[in-house]
Amino acid sequence: QVQLVESGGGLVQAGGSLRLSCTASGSIFSSNAMGWYRQAPGQQRELVAAMSPGGRNKKYVDSVKGRFTISRDNAKNTVYLQMNSLKPEDTAVYYCNALDLSSGSPRYDYWGQGTPVTVSS
């Protein structure tokens with residue numbers, strides 16, 4: 001059974017920071033690359049950051065490079081997204097999922113409830 005539980009979102013002023021967490025069921029976490037996606041109102045979901053199973057390879061969308069950092073704790077089946085220097089355009093609901101690292105495509109059609117991030121100017 002696929003389980004994805006995101007947390008850590010909230011309301012923050014521009015320039016502030018948040019740390020998102022996502023706990024996944026062990027069956028999908030341990031051997032998969034994991035990623036964070038976001039979906040702003042009226043827009044398609046986009047991949048923001050991704051990380052290989054062992055943590056060696058990471059990728060970020062250009063708009064967050066230098067501001068966001070993805071990390072994972074395999075012992076806890078948890079992936080994190082540290083978001084610094086937040087901008088109003090980062091406002092979205094953030095989701096995690098296992099993914100194909102080369103294509104960025106999610107491996108599962110199931111999505112958790114997401115965690116909303118609102119950045120005020």
Side-chain angles (χ1 to χ4, degrees):
Q1 183 178 359
V2 176
Q3 290 186 325
L4 298 162
V5 180
E6 300 93 348
S7 63
L11 173 64
V12 64
Q13 289 187 332
S17 298
L18 286 172
R19 189 193 193 207
L20 308 184
S21 299
C22 169
T23 300
S25 51
S27 61
I28 70 169
F29 188 91
S30 59
S31 60
N32 278 312
M34 295 295 297
W36 284 95
Y37 298 78
R38 67 184 179 188
Q39 187 168 21
Q43 297 187 19
Q44 290 187 334
R45 188 174 290 158
E46 68 168 344
L47 178 63
V48 175
M51 187 172 188
S52 60
R56 176 173 296 182
N57 296 320
K58 300 180 182 180
K59 60 190 297 185
Y60 300 91
V61 68
D62 286 346
S63 60
V64 308
K65 285 180 179 177
R67 301 188 298 120
F68 290 11
T69 302
I70 188 170
S71 62
R72 62 192 289 165
D73 185 336
N74 288 344
K76 296 181 178 179
N77 293 344
T78 301
V79 61
Y80 305 96
L81 187 66
Q82 178 67 43
M83 306 188 297
N84 299 328
S85 303
L86 282 161
K87 303 176 180 180
E89 51 263 44
D90 295 319
T91 295
V93 180
Y94 285 71
Y95 303 86
C96 70
N97 210 327
L99 77 159
D100 181 278
L101 195 59
S102 60
S103 69
S105 298
R107 289 198 179 278
Y108 300 97
D109 292 332
Y110 170 83
W111 296 90
Q113 82 287 351
T115 186
V117 172
T118 303
V119 184
S120 63
S121 56

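All values below were derived from every heavy atom in this structure, side-chain atoms included, with hydrogens, water molecules and symmetry-related copies excluded.
- Using a distance-only test at 3.5 Å, with no hydrogens or angles considered, a donor-acceptor pair links the side chain of Ser25 to the main chain of Gln3.
- Minimum heavy-atom separation, Leu47 to Gly35: CD1-CA, 4.4 Å.
- In this structure a side-chain-to-backbone donor-acceptor pair under 3.5 Å is missing from Thr78 to Thr23.
- Remark: the backbone N or O of Tyr94 is not paired with any side-chain donor or acceptor of Glu6 at under 3.5 angstrom.
- Aromatic rings from Tyr37 and Trp111 are positioned such that their centres are separated by under 6.0 Å.
- Judged by distance alone, the side chain of Asn97 and the main-chain N or O of Tyr110 form a donor-acceptor pair under 3.5 Å.
- At distances below 3.5 Å, not a single donor-acceptor pair connects side-chain atoms of Arg107 with backbone N or O atoms of Ala98.
- Between Thr69 and Tyr60, the shortest heavy-atom contact is CA-OH, 3.4 Å.
- Ion pairing between Lys87 and Asp90 fails under the 4.0 Å rule for side-chain N and carboxylate O.
- Between Val61 and Glu46, the shortest heavy-atom distance links the atoms CG2-OE1, 4.2 Å.
- No side-chain heavy atom of Tyr95 sits less than 4.5 Å from a side-chain heavy atom of Leu4.
- In terms of modelled atom types and a separation under 3.5 Å, the side chain of Asn32 and the main chain of Met34 share no donor-acceptor contact.
- Between Ala33 and Pro53, the shortest heavy-atom contact is N-CG, 3.6 Å.
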